[in-house]
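These numbers were taken from a predicted model, which means no experiment stands behind them.
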Amino acid sequence: MQLKYSAYKLNCIHPFGISRSTHNYYDVVYIYLEGDGFTGRGEAAPSARYEESAALILSCLKAGLKVPEVMADPISFTDVLISQCRGIKALEAAISMAIMDWWCQSREIPVYKYFGADPAKTPLTSFTISLGERNLLSQKIEEAGPYSILKIKLGLGIKKDKELITAVRAETDKLIRVDANEGWDLDSAVPMCSWLKDKNVEFVEQPFKARNIADTVKLRRVSPLRLIADENSLTAGDIESLKQAFDGINIKLMKCGSLFEAREMIKTARFFGLKIMLGCMVESSLGITAAAHLSPLVDYADLDGNLLINNDPYSGVKVIKGKLILPDRNGLGVKELSD
């Protein structure tokens, strides 16, 4: 079997802003696993928040990975390749996708069937309204027309955050999920959560810095809204320590490193009675579709990274009336638009 790769630049429809950064584009790396007439595909969408980059991924790939000649089973094959990835989670995730895409194509099944997921039970996905120029807000909300849930990025201070929510509410009464991206402190979060309660907000994601568990525990005691961990929730090993501070976790393949680890996170979160959301970075339809195959197993989905770019080279999962619709094809079921 052969492992190939290529770099690609995803261009954002609008500048994508969160509390700590704004981007006009994101560099990703595509992985191709070829053998026996099948090509498995994966996507690495690294985040600077976790000290990863496309350049770091390419340096690892250029050094060469030793690929076993035969895939006896996908789990051990994944372990062999991931052990060579220098701990770069986005690269591990891409390799995991490519392996499962190849394996399930060769077995003539879709990836969701391998994981025992029912494609009829996919959740609604939210559509992200990022921080950015206020004069674009009406346009962004109009573009979110097919989606019944909006994810609003906050974290610029209580005054500006309230102004943004008020502006959104002047445009629409859709359900809102708030993501502070570690941008709040306890003094602002307590009144903010109370204020948001009457604004048709479902939950608040990652209010504080990941290291600030103590204040998260305090906020949870008084918040009328659920708190969902993102930057705190990397792998299954993190979850037990979060159960006193959060009501749920956000799983992202680019953080946890593989579809198998994501499945373990789902099992662990269920054990501790936590809600589960599947999230994403800004990714193309390749990475989003891979995550979507696990979406019937979770409570919430925030799988819209492919909807925020204008040069998606793949097609895969669709969204109809806000609901994720998995492709009815073997493997991940993605297609290159140039095909």
Side chain [X], main chain [Y], donor-acceptor under 3.5 Å:
| X | Y | result |
| --- | --- | --- |
| D304 | L307 | no |
| N11 | N311 | no |
| K113 | N330 | no |
| D27 | A54 | no |
| Q84 | V80 | yes |
| K323 | A120 | yes |
| S96 | L259 | yes |

Just wondering, more than 12 heavy atoms not from [X] lying within 6.0 Å of its [atom1]?
| X | atom1 | answer |
| --- | --- | --- |
| K199 | NZ | yes |
| D328 | CG | no |
| F271 | CZ | no |
| Y25 | OH | no |

Between [X] and [Y], is any pair of side-chain heavy atoms under 4.5 Å apart?
| X | Y | result |
| --- | --- | --- |
| I109 | C104 | yes |
| K275 | D247 | no |
| I95 | L65 | yes |
| I88 | P46 | no |
| Y26 | M281 | no |
| W103 | Y114 | yes |
| L324 | V319 | yes |
| L219 | V190 | yes |

key: Lys/Arg-Asp/Glu bridge criterion (N-O < 4.0 Å) met for D299, R270   =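 Yes, this pair counts.
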Going from [atom1] on [X] to [atom2] on [Y], what distance comes out if it is rounded to the nearest 0.5 angstrom?
| X | Y | atom1 | atom2 | value |
| --- | --- | --- | --- | --- |
| F127 | D302 | CZ | CG | 11.0 Å |
| M277 | L303 | CE | CG | 9.0 Å |
| L154 | N181 | CG | CG | 9.0 Å |

Given the options T216, D179, N232, Q206 meets side-chain hydrogen bond (donor to acceptor under 3.5 Å, both in side chains) only with N232
Quick one: do the [X] and [Y] side chains pair a donor with an acceptor below 3.5 Å?
| X | Y | value |
| --- | --- | --- |
| D185 | S188 | yes |
| S284 | Y30 | yes |
| S6 | Y32 | yes |

For E52 and K89, what are the C-alpha separation, side-chain angles and deciding distance, and is it a salt bridge (Lys or Arg N to Asp or Glu O under 4.0 Å)? CA-CA 8 Å; E52 296 185 1; K89 292 300 180 182; over 6 Å; no
* Can you check salt bridge (Lys or Arg N to Asp or Glu O under 4.0 Å) on K140 and E143, steps first, answer last? -> CA-CA 5 Å; K140 290 178 179 180; E143 291 167 355; over 6 Å; no
